[in-house]
Amino acid sequence: MVAAAEEVEAPPPPSPSPLIVGLQPSALVDHIVRVDWSLLSQIPGERGGSQPVAIEELEHILNEVNTHILPSLDEPSPLRTIAGGSVANTLRGLATGFGISCGIIGACGDDEQGRLFVQNMNSSRVDLSRLRMKKGTTGQCVCLVEADGNRTMRPCLSSAVRLQHYELTREDVRGSKWLVLRYAIFNLESIRAAIRIAKLEGVSVSMDLASFEMVRNCRSQLLELLESGDIDLCFANEDEAAALVRDEEEVSPDVALEYLAKHCRWAVVTLGRNGCIVKHGKQIVRVPAIGETHATDATGAGDLFASGFLYGLVKGLPLEDCCRVGSCSGGAVIRALGGEVQPENWQWMYKQMQIKDLTTPDLCKTYS
């Protein structure tokens, strides 16, 4: 049950419409740490996925982290705390790495975590005029990263302030080209409301499938959303794709791609080290993963792939180039802890784009 949260003040009037807005009903702060596998065997849920926990469980995990930290010469601090959430990661990547104007729609608590979220997103040039500030706690998520870069997420949103579906207005999306969403059953009313107003305003909708647990456990509601025809672009990773088409005779990324493409204008299935497959109309594109990087932390890989792919779409790039840019941006974020690309890794990404003969954003000079 979500605790009632009193609104501190009305949000300021939205600024001139960002090209892309994202709905993240609850602001979220990520605590990212590299740990040995033994800690993962002691916490509930499956390794590699994302399962909600209560605040007591989150605090227990954070307390246990100190005895399971993996030392790293590459990271000055064993624990990073930054603004998190899939939508926030995608918007931050678009704004800081690609120079695309972005705004976030949601609610944020008036606590220390909320202030950190605001500071981080503001410094990343993401417009916050659609973020409602409320009294209450801000959501948190612990991201446990293993030696091979695989990550396990345990978010705590049970008492977090949240933007309710009736608080959304057409002004939140008016004038934008894309609305970015992440599927979550506990945000379903807000997701439906946001999609409805986006369609009224002629705004295209992009949705990420969140996690294989979310797809598996809340599949019927997801199928209803997809089969409505209101999702223009859908991103799924290989595990989410398998959970989506589990009832088919053949469970494969290609089968999932065909299903998504029946209902979405663009269907994207990412395959980790094997790249991605994408379908738009009758066109199918297969693009290999970028091979010149080592995965320190997979947190945000899909979110930053989406940043690059959406950049390609708004710039009118060919479908294959959208995938290649996404591969570069996804490769950039996994080179360090957390879902935020470091300046040196933006430099790395621009270099990879130049090698692949892709047009780099104008702001790449900022990181040179």
Side-chain angles (χ1 to χ4, degrees), residues 1-15 17-18 20-29 50 52-55 58 83-91 102-111 113-118 121 126-141 155-176 178-201 203 205-211 214 217-218 220-222 224-225 228 230-231:
M1 180 68 67
V2 178
E6 179 186 348
E7 191 146 341
V8 177
E9 58 186 45
S15 61
S17 303
I20 297 177
V21 291
L23 174 70
Q24 187 167 310
S26 297
L28 189 68
V29 168
S50 178
V53 295
I55 185 63
L58 181 132
S86 176
V87 170
N89 290 342
T90 296
L91 297 176
C102 294
I104 191 164
I105 307 166
C108 188
D110 62 345
D111 55 355
Q113 309 296 344
R115 289 187 289 274
L116 188 151
F117 182 90
V118 167
M121 296 302 287
V126 174
D127 181 86
L128 301 179
S129 63
R130 295 159 182 78
L131 186 69
R132 282 72 159 173
M133 306 303 296
K134 298 185 177 185
K135 290 184 178 179
T137 60
T138 301
Q140 300 181 66
C141 178
C156 176
L157 295 171
S158 57
S159 61
V161 298
R162 181 174 300 167
L163 184 72
Q164 302 298 327
H165 65 96
Y166 52 80
E167 297 177 277
L168 286 160
T169 70
R170 291 176 67 164
E171 285 71 28
D172 286 321
V173 303
R174 181 166 291 156
S176 297
W178 281 92
L179 169 67
V180 176
L181 306 167
R182 180 179 190 265
Y183 179 62
I185 192 66
F186 41 82
N187 289 328
L188 192 55
E189 283 188 298
S190 294
I191 289 170
R192 287 171 172 160
I195 292 172
R196 184 170 61 252
I197 64 174
K199 291 303 163 181
L200 289 172
E201 291 294 328
V203 177
V205 176
S206 167
M207 187 171 72
D208 178 88
L209 294 196
S211 71
M214 189 68 70
N217 299 334
C218 311
S220 62
Q221 297 93 332
L222 173 60
E224 181 183 342
L225 271 182
S228 71
D230 289 334
I231 309 301

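Keep in mind it's a predicted model, so treat the numbers as computed, not measured. Only heavy atoms go into these numbers, but all of them, side chains included; no hydrogens, no water, no symmetry mates.
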message: Show, in sequence, the C-alpha distance, side-chain angles and deciding distance for T137 and D111, and conclude whether the side chain to side chain donor-acceptor pair (under 3.5 Å) test is met.
response: CA-CA 6 Å; T137 60; D111 55 355; 5.2 Å; no
Kindly give the heavy-atom pair with the smallest separation between [X] and [Y], and that separation in Å.
X    : Y   : result
F117 : L28 : CD1-O, 3.2 Å
C156 : A54 : SG-C, 3.7 Å
G84  : N89 : CA-OD1, 4.1 Å

Using 0.5 Å steps for rounding, measure from the [atom1] atom of [X] to the [atom2] atom of [Y].
X    : Y    : atom1 : atom2 : answer
L222 : L209 : CG    : CG    : 5.5 Å
M121 : L116 : CE    : CG    : 11.5 Å
D230 : L225 : CG    : CG    : 8.5 Å
L58  : I55  : CG    : CD1   : 5.0 Å
I185 : C218 : CD1   : SG    : 4.5 Å
S206 : I20  : OG    : CD1   : 8.5 Å

Give the C-alpha distance, both sets of side-chain angles, the deciding distance and a yes or no for side-chain contact (heavy atoms from CB on, under 4.5 Å) between Q24 and L91. CA-CA 11 Å; Q24 187 167 310; L91 297 176; over 6 Å; no
Salt bridge check, E167 against R162: does any charged N sit closer than 4.0 Å to a carboxylate O?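 No, no charged N to carboxylate O under 4.0 Å.
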Using a strict threshold of under 4.0 Å (side-chain N to carboxylate O), is an ion pair present between R132 and D172? yes
| task | Decide yes or no on side-chain contact (heavy atoms from CB on, under 4.5 Å) for F186 and L157, but give the supporting numbers first. | result | CA-CA 9 Å; F186 41 82; L157 295 171; 3.5 Å; yes
In terms of heavy-atom contacts, does CD of E189 have more than 12 from other residues, nucleotides or ligands at under 6.0 Å?
no
Has the side chain of [X] got a donor or acceptor atom that lies under 3.5 Å from a matching backbone atom of [Y]?
X    : Y    : result
Y183 : L188 : no
R130 : G106 : no
T138 : Q113 : no
S26  : V161 : yes
S190 : L163 : yes

May I have the step-by-step check of side-chain contact (heavy atoms from CB on, under 4.5 Å) for L131 and V118, ending in yes or no?
CA-CA 9 Å; L131 186 69; V118 167; 4.1 Å; yes
Inset, instruction - Please list, chain by chain and in numerical order, all residues satisfying side chain to side chain donor-acceptor pair (under 3.5 Å) with S176, sequence neighbours excluded. - result: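 Partners of S176 under the side chain to side chain donor-acceptor pair (under 3.5 Å) test: none.
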Sequence neighbours excluded, the answer for side chain to side chain donor-acceptor pair (under 3.5 Å) partners of S211 is E213
Using salt bridge (charged side-chain N to carboxylate O under 4.0 Å, His left out) as the criterion, list what pairs up with E201, not counting sequence neighbours.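 Result, salt bridge (charged side-chain N to carboxylate O under 4.0 Å, His left out) vs E201: R170, R174.
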Could you check if a side-chain atom of R192 sits within less than 4.5 angstrom of a side-chain atom of E224, using non-hydrogen atoms only? yes
Check: Which of these, L181, N187, V180, V173, sits in a side chain to side chain contact (heavy atoms under 4.5 Å, CB included) with L23?
Finding: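 That would be L181.
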